[in-house]
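Because the structure is a prediction, the values reported are computed rather than measured. Numbered from 1 within each chain, the chains take letters A, B, ... in sequence-line order.
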Amino acid sequence: MKKFNRFFDEFLKKEPLFLNKEVLQSFYTPDDISHRDSQIKEVANVLAPALRMESPSNLFIYGKTGSGKTLVTRYVTSLMKKTAEKNKINLKVFYLNCKLKKVADTEYRLMAQLAKEFGKAVPSTGLPTDEVYTIFYEALDSQEQLFILILDEIDQLVKKAGDDILYNLTRINAELKKSKLSIIGISNDLVFVDSLDPRVKSSLSEEEVLFPPYNALQIQDILKKRSTKAFKKNTVAAGVIEKCSAYAAREHGDARRALELMRVAGELAERQCLEKIEIKHIDEAEEKIERDRVLDITLNQPKQFQVVLYAIVLLSEKRRNIFTGEIYEIYKKICSEIKLRPLTQRRVSDMLAELDMMGIINAKIISKGRYGRTREITLSIAQSTIPKIKEVLDKSFGLK
DNA sequence: AGGTATTCACATGAAACTATTCTCTGAGTTAGG
DNA sequence: TAACTCAGAGAATAGTTTCATGTGAATACCTGT
């Protein structure tokens with residue numbers, strides 16, 4: 001124990017590299033947003049009528065992840081809110097991320113959130129959905145006001161709950177007497193609108209704004225600006241920012257990812273008690289982010305899911321390409337070992353599809369002609385994290 | 001040889017079922033007047 | 001009679017199961033040369 005005595009003293013003595021870590025976090029909103037001027041202008045143009053108490057058109061915003069959609073939207077609306085306050089305009093803006101589990105990923109929960117925004121608490125279950133609708137509707141129409149609803153990752157909502165919700169929401173506007181509602185939908189699925197019901201499509205996307213990905217130079221610029229705020233002077237080695245933006249640009253210009261890389265790299269360097277962030281930290285950071293993501297997913301999945309993954313890990317130790325049937329066999333064996341009732345192959349098949357979606361495995365449907373059709377599966381995690389995953393899974397169901 | 005027809009081993013889809021959590025309602029019960 | 005209790009009906013949701021149907025191409029099977 002003695003050797004830890006001075007741990008915290010040492011810790012305090014260490015020079016932190018960070019000046020302000022928040023700057024690199026995803027929810028941070030800088031005062032000036034670079035390289036998105038035209039988008040800001042477009043969004044502002046569409047929404048501006050709200051300040052004259054005219055209902056603005058519904059707006060649909062799309063672009064890849066990390067292209068600044070959410071950032072710009074929040075920025076513009078917060079400016080509007082300020083102006084509205086000054087001029088005593090009753091304007092409400094409500095931001096909702098539809099992807100958040102247990103918050104707004106179903107019709108019911110979405111409406112419940114909205115109702116809650118108006119101070120009407122709605123239980124998490126037990127009520128019929130249309131009643132929640134009525135509650136929201138009445139709360140909204142109880143006074144004269146403009147309500148701007150921002151639905152982030154709206155594609156997730158539609159995928160899970162269908163587009164009826166959107167239809168209902170756009171229609172609600174026609175029934176409102178005193179207030180007005182307009183919807184801003186944000187999606188990173190570029191072809192999402194086309195899959196919508198034509199009626200919904202036409203009313204939701206009266207206006208559209210496209211956010212192109214940042215290019216490598218723009219990302220570099222953003223990184224530079226932010227890292228001067230985030231880190232102390234002379235703590236970032238030459239070439240680090242370039243490398244970082246190159247990484248991010250490779251992935252369709254995802255600025256969020258670049259910032260995260262920077263932050264994690266900084267944390268790593270700090271933990272190693274170094275005075276500078278070196279290029280190698282970027283590589284380490286990338287690995288760490290990936291590993292954390294995979295481990296996080298693994299741990300938060302239900303047991304059955306973990307068993308399936310375990311079976312895949314075991315099998316892929318022997319061979320590179322494995323098939324659904326083999327996985328299912330192994331899976332059943334493990335289940336009986338740990339006394340778990342195995343699920344049907346149908347379900348396991350879905351799980352494999354999900355693992356594929358999450359990027360943990362790589363599944364390709366191939367036809368082996370006479371010998372059937374199946375998924376050809378490879379593990380798509382870095383070699384270095386495989387043992388870790390195995391270890392975690394071993395522990396999780398007390399095997400070996 | 002060239003052209004169909006089969007067939008495998010799953011994939012994919014839809015509907016229905018299970019279990020859990022929660023509300024609301026109304027019948028029955030209780031306590032006080 | 002008003003207030004209270006409590007069981008039962010009904011909802012939402014996640015996770016499955018059941019049943020049904022789809023599918024790409026390596027083989028098997030013909031067919032006429």
Side-chain angles (χ1 to χ4, degrees), chain A residues 96-139 153 156-169 195 197 296-312 315-316 319-336 338-358 360-378 396-397:
Chain A
L96 250 186
N97 189 328
C98 305
K99 202 178 67 180
L100 295 180
K101 293 241 152 134
K102 310 264 178 188
V103 175
D105 58 344
T106 68
E107 180 169 17
Y108 181 92
R109 292 211 261 252
L110 174 68
M111 296 317 288
Q113 280 298 313
L114 292 179
K116 201 168 126 203
E117 176 66 13
F118 284 99
K120 311 265 174 175
V122 172
S124 63
T125 174
L127 294 187
T129 307
D130 16 335
E131 202 161 323
V132 187
Y133 254 105
T134 322
I135 293 174
F136 165 66
Y137 173 81
E138 275 165 12
E153 318 230 20
Q156 300 291 322
L157 177 66
V158 171
K159 203 168 72 193
K160 260 202 77 179
D163 49 13
D164 295 359
I165 314 157
L166 297 182
Y167 180 66
N168 291 336
L169 271 178
S195 64
D197 185 302
D296 190 60
I297 292 173
T298 320
L299 284 175
N300 290 315
Q301 278 326 308
K303 200 145 230 167
Q304 300 280 6
F305 217 95
Q306 297 178 348
V307 179
V308 172
L309 184 58
Y310 191 70
I312 298 173
L315 266 170
S316 65
R319 221 151 7 95
R320 257 196 86 58
N321 296 335
I322 42 188
F323 307 112
T324 307
E326 301 171 298
I327 292 176
Y328 189 61
E329 287 307 308
I330 301 287
Y331 161 79
K332 271 199 294 195
K333 218 178 279 169
I334 301 175
C335 273
S336 70
I338 59 174
K339 304 212 174 67
L340 208 61
R341 194 172 57 86
L343 302 175
T344 39
Q345 180 160 320
R346 177 72 188 78
R347 182 81 249 280
V348 172
S349 176
D350 276 351
M351 288 187 188
L352 290 175
E354 282 173 53
L355 281 169
D356 185 29
M357 288 287 290
M358 296 187 286
I360 291 182
I361 63 173
N362 215 320
K364 204 166 60 183
I365 295 137
I366 55 159
S367 174
K368 291 188 290 170
R370 191 68 221 281
Y371 305 103
R373 232 158 96 85
T374 182
R375 283 196 171 89
E376 186 186 68
I377 290 159
T378 36
S396 148
F397 30 77

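- When the side-chain nitrogen and oxygen atoms of A/K160 are compared with OP1 and OP2 of C/dT13, none of them lie within a distance under 4.0 Å.
- Computed from coordinates, the A/Q304 CD to C/dT16 C1' distance equals 10 Å when rounded to whole Å.
- Taking side-chain N and O atoms only, A/T324 has no distance below 4.0 Å to OP1 or OP2 of B/dC10.
- A donor-acceptor pair under 3.5 Å links the side-chain atoms of A/N300 to the main chain of A/D296, judged by distance alone.
- Remark on DNA chain B: of its neighbouring residues A/Y371 and A/R375, the 5'-side contact belongs to A/Y371, judged by nearest-heavy-atom nucleotide.
- Atoms CG (A/D350) and P (B/dC10) sit 15 Å apart, rounded to a whole Å.
- A/M351 places its CE atom 12 Å from the C1' atom of C/dA14, with the value rounded to the nearest Å.
- At least one donor-acceptor pair closer than 3.5 Å links the side chain of A/S316 to the backbone N or O of A/I312.
- Look at A/R320 and A/E376 and you find no salt bridge, because none of the NZ, NE, NH1 or NH2 atoms lies under 4.0 Å from a carboxylate O.
- For A/R370, whose side chain is taken as the heavy atoms from C-beta onward, the closest listed nucleotide among B/dA11, C/dT23, B/dC8 is B/dC8.
- C/dA25 atom P lies 9 Å from atom CZ of A/R373, rounded to whole Å.
- Between A/K368 atom NZ and B/dA9 atom P there is a gap of 8 Å when expressed in whole angstrom units.
- Side-chain nitrogen and oxygen atoms of A/S349 include none within less than 4.0 Å of the OP1 or OP2 phosphate oxygen of B/dT12.
- At least one cation-pi condition fails for A/K333 and A/Y328: the charged atom is not both under 6.0 angstrom from the six-membered ring centre and inside a 45 degree cone around its axis.
- At whole-Å resolution of the value, CG in A/L343 and P in C/dG15 are 11 Å apart.
- No contact: A/K101 has no heavy atom under 4.0 Å from any strand.
- Less than 4.0 Å separates DNA chain B from at least one heavy atom of each of the following residues of residues 126-136 of chain A: A/G126, A/L127.
- For A/R347, the side-chain atoms get nearest to C/dT17 when compared with the rest of C/dA25, C/dG22, C/dT17.
- Side chains of A/R375 and A/S349: a donor-acceptor N/O pair is present below 3.5 angstrom, by distance only.
- Computed from coordinates, the A/L352 CG to B/dA9 P distance equals 18 Å when rounded to whole Å.
- Residue A/T125 places none of its side-chain N or O atoms closer than 4.0 Å to OP1 or OP2 of B/dT23.
- Judged by distance alone, the side chains of A/Y167 and A/D197 never bring a donor and an acceptor atom under 3.5 Å apart.
- Distance alone, capped at 3.5 Å, places no donor-acceptor pair between the A/Q156 side chain and the A/E153 backbone.
- Rounded to a whole Å, the CD atom of A/E354 is 10 Å from the C1' atom of C/dG15.
- No side-chain donor-acceptor contact under 3.5 Å links A/Q304 to the backbone of A/L343.
- In terms of polar N and O atoms assigned as donor or acceptor, the side chain of A/R346 never comes within less than 3.5 Å of the base of C/dT17 in a complementary pairing.
- Residue A/P123 places its side chain closer to B/dT23 than to any other of C/dT18, B/dT23, C/dT27.
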